[in-house]
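Written out below as structure tokens is the structure these notes cover.
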Amino acid sequence: MRDQTGTFSLPKWRLTRWLADPGQDIPLNLRQALIASLFGTLPIFIGGVANTVLVAAVAALRLPHPMFVSWFAFEFVLCVLRTHIIIAAFRAAANGRETPTDLYIVLAVLWGIGVGYGTFISLLSGDWVVAALACLSSAAMMGGICFRNYAAPRLATAMIVLSFGPACLGAVLSGEPIMLLTALQIPFYLFAMSKAVYRLNAMLVTTMRAERDNDYRARHDMLTGLSNRSGLTAALEQKWEMVQQGRQRIALLYLDLDGFKAINDHHGHTAGDRLLKLVGERLGNLLRSGDLAARIGGDEFVVLAHSVGSTEAMQLGDRLIEAVSAPYLVDGHEVVIGTSIGVASAQTGVASPDQLLKHADLALYEAKSQGRGNCCFFEPGMEARLRVRQVLEADLRSAFVNGEFELFYQPQINIAANEVSGFEALLRWRHPERGMIPPSEFIPVAEDIGLISPLGEWVLMQACNEAAQWPRNLKVAVNLSPLQFRSGTLTQSVGNALATSGLAPDRLELEITESCLLQENEETLSILHQLRRLGIRIALDDFGTGYSSISYLRDFPINKIKIDGSFVRDICSRSDAFVIVQSITSLGAGLMMSTVAEGIETEEQLLKIREAGCTEGQGYYFGRPQPARELVDFLNRAELSSVDLGLSLIPRDLNPSLLKPPSP
Ligand SMILES: Nc1nc2c(ncn2[C@@H]2O[C@@H]3COP(=O)(O)O[C@H]4[C@@H](O)[C@H](n5cnc6c(=O)[nH]c(N)nc65)O[C@@H]4COP(=O)(O)O[C@H]3[C@H]2O)c(=O)[nH]1
């Protein structure tokens with residue numbers, strides 16, 4: 001059936017409403033489609049009216065009695081009126097105007113009455129040729145009525161009874177005994193045809209419901225109830241003409257959830273699904289009427305906002321980030337995720353809805369590459385940057401396979417004992433064309449493309465293997481990505497690395513950042529305890545930046561605090577930096593944790609760090625990150641006199657009081 005939903009008006013008069021009523025619980029759009037179908041199948045309509053006028057004309061010619069002439073005149077006028085009304089209805093529907101549905105239905109009923117009247121008078125006429133013609137014609141009409149009007153079963157039944165019912169009475173009154181048989185047959189025929197109408201109607205409604213459900217499913221995401229990709233495309237295409245004519249301003253906000261995969265992996269897909277539903281609800285709550293939210297991929301959502309410029313779209317983006325990032329309660333667990341958003345608006349130069357979506361996607365890439373929880377507006381240069389990024393991703397994947405990674409080690413110095421206490425392993429990528437690429441450039445990419453877990457495992461194994469060859473029980477510190485921390489396999493990987501290398505667990509230190517501790521306190525706590533049970537030490541990296549929650553130091557089994565290099569950089573010039581470092585070291589001392597100052601580059605900084613009470617130091621002043629093969633040499637030099645080598649851990653000409661162990 002042709003879908004004409006919404007183009008033909010529903011009847012308004014009481015009688016016509018009753019006649020066209022298809023039954024209870026039928027939604028509005030189905031009612032509209034059913035009414036539209038009454039106007040359809042034009043060949044049957046034309047055949048029906050032409051046939052009636054023709055039969056009436058033949059009868060009037062054979063029997064030019066006023067009854068037959070008036071019948072013909074009635075049919076003729078009705079035919080003209082109905083044709084006019086149906087043409088007017090189609091025009092009105094095409095132009096989105098009210099259609100004359102009530103009149104159309106009333107004329108259909110009158111037509112049925114006309115056919116019935118003609119059959120009746122023909123049977124009484126005694127002219128069996130005219131009677132046979134009229135009876136055959138109205139019986140044939142019933143088929144047409146049934147086929148054409150079963151969308152409104154009451155109307156069709158009324159037309160069937162009115163057009164052929166009088167033949168029953170006519171047969172009785174015809175005076176011909178044999179016609180009594182026909183009079184007996186006609187009610188059965190009427191009943192059978194009416195029954196067929198209701199059956200056909202039930203089948204039609206079921207089919208239309210199924211079509212409607214399929215259509216809904218085709219355009220909606222069953223999990224969240226939001227639109228899906230094709231729903232979004234349809235909505236975009238619908239608005240596009242107005243957008244191109246400058247009559248409508250729209251913006252697309254492309255959201256990608258940060259940290260969703262970890263929740264899915266950790267709590268299972270059912271919890272992940274619940275979380276997606278909650279995200280969908282939050283998005284829906286923020287939209288104005290006429291805006292649309294869609295889920296177009298696992299954890300990817302798009303918001304189509306209308307009547308917004310770039311500023312309002314960015315403001316909406318910020319509100320979406322805030323809403324999505326608030327904690328969720330899923331299966332009794334509090335979980336936190338974030339979202340990055342790319343925004344694009346349909347200004348001149350955007351050729352198609354597809355291109356607009358692509359722009360928003362590019363802006364999303366940019367938002368993600370700037371760190372999580374960002375909202376970025378599309379700029380033309382992003383496409384080129386994306387290509388660079390895609391090349392980097394491809395290179396990164398092959399780098400892992402080609403063994404282009406290596407570990408550099410930076411010494412960590414026990415300031416009090418004036419000796420090297422261990423080394424921090426720092427990942428390096430020796431790119432065949434670009435040379436050495438720093439971890440800050442490729443680790444976020446490795447996290448995004450799911451390479452961080454295997455890469456992290458490789459780092460652990462390599463660091464443990466190399467550290468196992470070092471003298472003097474020197475420690476090795478290994479950085480962990482938050483994603484690796486939440487992977488669920490960390491304890492096992494650490495256990496494997498220790499078992500394979502034979503490194504004593506107390507020589508391995510894992511450096512985590514606060515973002516590892518941000519969510520799932522119980523889960524995180526249990527991983528940390530498992531690691532501690534293996535005998536491993538935990539260091540909290542970059543302390544003093546980010547959240548720097550003191551409660552982490554109380555709640556989690558941490559052995560060491562690494563004070564962020566930014567404080568060390570300012571320690572000689574800003575008294576507040578010194579006070580902060582001092583406060584962290586005394587906090588650490590009180591909690592039986594050692595404190596390491598990162599990024600020491602000068603002697604003055606070292607003096608201040610000592611004065612502030614740090615137990616360990618790390619930085620270019622002591623040594624830059626260097627390949628494993630150079631460590632033995634470094635250690636040998638460190639153990640020799642500084643005067644001999646011109647390289648000193650704690651320069652000799654320092655005030656001797658500075659060489660004393662730090663005061664607690
Ligand atoms: N300006 C200055 N910088 C100094 C000084 N002393 C050390 N640094 C640099 O500071 C960074 C210290 O590492 P981080 O804070 O853990 O920060 C690391 C760490 O978060 C991450 N990273 C490095 N290796 C790995 C790894 O194997 N796994 C993971 N997940 N992250 C890693 O990459 C970050 C950057 O590493 P690098 O580029 O090697 O940069 C290193 C190091 O070279 C100094 O005196 N002055």
Side-chain angles (χ1 to χ4, degrees), residues 262 371 396 399-400 404-413 415 420 422-431 435-467 475-487 490 493-494 497 508-516 538-546 548 560-572 595-606 608-609 614 616-628 630 634 649:
L396 197 55
F400 193 62
E404 289 165 16
F405 292 109
E406 59 184 277
L407 288 182
F408 273 34
Y409 294 91
Q410 185 177 33
Q412 295 182 323
I413 310 300
I415 297 176
V420 178
F423 292 90
E424 177 178 1
L426 292 160
L427 188 57
R428 295 290 179 265
W429 175 11
R430 207 178 281 280
H431 192 280
M436 205 61 102
I437 301 182
S440 52
E441 201 177 314
F442 67 83
I443 285 196
V445 183
E447 286 177 337
D448 283 349
I449 63 172
L451 201 70
I452 195 67
S453 279
L455 191 55
E457 277 181 26
W458 178 86
V459 171
L460 263 170
M461 190 62 85
Q462 184 77 358
C464 290
N465 279 336
E466 283 175 341
K475 294 188 177 57
V476 64
V478 174
N479 284 284
L480 290 183
S481 149
L483 295 188
Q484 215 181 330
F485 194 78
R486 288 183 220 127
S487 69
L490 179 64
S493 310
V494 172
L508 176 63
E509 196 164 77
L510 296 179
E511 293 194 3
I512 59 170
T513 53
E514 280 174 307
S515 47
C516 294
I538 310 288
L540 189 57
D541 208 357
D542 303 333
F543 194 78
T545 58
S548 300
K560 192 187 254 189
I561 305 171
K562 293 194 79 177
I563 303 168
D564 191 66
S566 55
F567 297 102
V568 176
R569 198 173 50 237
D570 296 338
I571 201 160
C572 298
T595 40
V596 191
E598 295 185 276
I600 302 174
E601 292 187 358
T602 66
E603 190 177 315
E604 290 71 32
Q605 287 170 345
L606 171 63
K608 280 285 190 187
I609 288 297
C614 272
E616 284 178 65
Q618 182 180 346
Y620 294 168
Y621 180 69
F622 303 113
R624 287 181 177 258
Q626 52 204 299
E630 289 173 20
F634 173 84
L649 298 181

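Counting starts at 1 for both ligands and their atoms, in listed order. Just so it is clear, the structure is predicted and the values come from calculations on it, not from any experiment.
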Checklist entry - So, do Leu427 and Trp458 sit near enough that their side-chain heavy atoms are less than 4.5 Å apart? => result yes

Checklist entry - Taking the non-hydrogen atoms of Pro625, is any one of them nearer than 4.0 angstrom to ligand 1? => result yes

Item to check | Atoms in ligand 1 flagged as close to Leu480, the criterion being non-hydrogen separation under 4.0 Å | outcome: 30 (N)

Item to check | Close N or O approach (Tyr621, ligand 1; < 3.5 Å) | outcome: no

Next on the checklist: Which of the numbered atoms in ligand 1 are under 4.0 angstrom from any heavy atom belonging to Ile443?
Outcome noted: 22 (N), 25 (C), 26 (C), 28 (N), 29 (C), 31 (N), 32 (C)

Checklist entry - Does the protein put a heavy atom less than 4.0 Å from atom 43 (O) of ligand 1? => result yes

Item to check | Salt bridge present between Lys562 and Glu509 (N-O < 4.0 angstrom) | outcome: no

Checklist entry - For atom 36 (O) of ligand 1, which protein heavy atom lies nearest, and how many Å away is it? => result Pro439 CG, 3.3 Å

Checklist entry - Which of the atoms in ligand 1, numbered in the order shown and given with their element, are less than 4.0 Å from a heavy-atom of Val459? => result 27 (O)

Next on the checklist: Taking a cutoff of less than 4.0 Å between a non-hydrogen atom of the residue and any ligand atom, is Glu424 in contact with ligand 1?
Outcome noted: yes

Checklist entry - What's the shortest distance from atom 9 (C) of ligand 1 to any protein heavy atom, and which residue and atom give it? => result Tyr620 OH, 4.3 Å

Item to check | Within-shell test, Gly599 vs ligand 1, heavy atom, strictly < 4.0 Å | outcome: yes

Item to check | Close-contact set for ligand 1 against Ser481 heavy atoms, below 4.0 Å | outcome: 30 (N)

Next on the checklist: Within the structure provided, determine whether Pro482 and Thr513 are in side-chain contact (heavy-atom separation under 4.5 Å).
Outcome noted: yes

Next on the checklist: Counting C-beta onward and ignoring hydrogens, is there a side-chain heavy-atom pair between Gln462 and Phe405 closer than 4.5 Å?
Outcome noted: no

Checklist entry - Is it true that a side-chain atom of Gln605 and a backbone atom of Glu601 form a donor plus acceptor pair closer than 3.5 Å? => result yes

Item to check | Distance-only donor-acceptor check, side chains Gln412 and Gln618, under 3.5 Å | outcome: yes

Next on the checklist: Is the shortest side-chain heavy-atom distance between Gln626 and Pro411 below 4.5 Å?
Outcome noted: yes

Item to check | Any Gln618 heavy atom less than 4.0 Å from ligand 1 | outcome: no

Next on the checklist: Quick check: do Leu460 and Leu510 have side-chain heavy atoms less than 4.5 Å from each other?
Outcome noted: yes

Checklist outcome for this item: The atoms of ligand 1 lying under 4.0 Å from a heavy atom of Glu598, numbered in the order shown, are 15 (O)

Item to check | Min side-chain heavy-atom separation Gln484-Ser493 under 4.5 Å | outcome: no

Next on the checklist: Going by a strict under-4.0 Å cutoff (protein heavy atoms only), does atom 16 (O) of ligand 1 have a neighbour on the protein?
Outcome noted: yes

Checklist entry - What is the minimum heavy-atom distance between Ser481 and Glu447, and which atoms define it? => result OG-OE2, 2.7 Å

Checklist entry - Does Gly623 offer a backbone N or O that forms a donor-acceptor pair with the side chain of Gln410 under 3.5 Å? => result yes

Checklist outcome for this item: Note: heavy atom closest to atom 46 (N) of ligand 1, options Arg624, Gln605, Glu601, belongs to Glu601

Next on the checklist: Heavy atoms only: which of Leu426, Asp542, Leu407 lies closest to atom 18 (C) of ligand 1?
Outcome noted: Leu426

Item to check | atom 6 (N) of ligand 1 [closest protein heavy-atom partner, distance rounded to 0.1 Å] | outcome: Gln410 NE2, 2.8 Å

Next on the checklist: Please compare Asp541, Asn479, Leu460, Thr602 and report which has the shortest non-hydrogen distance to atom 26 (C) of ligand 1.
Outcome noted: Asn479

Next on the checklist: Between ligand 1 and Arg428, is the shortest N or O to N or O distance under 3.5 Å?
Outcome noted: yes

Checklist entry - Protein heavy atom under 4.0 angstrom of atom 1 (N) of ligand 1, is there one? => result yes

Next on the checklist: Give me the residue, atom name and distance of the protein heavy atom closest to atom 24 (N) of ligand 1.
Outcome noted: Leu427 N, 3.0 Å

Item to check | Within-4.5 Å side-chain heavy-atom neighbours: Met436 and Phe408 | outcome: yes

Item to check | Side chain to side chain, Leu407 and Val478, heavy atoms closer than 4.5 Å | outcome: no

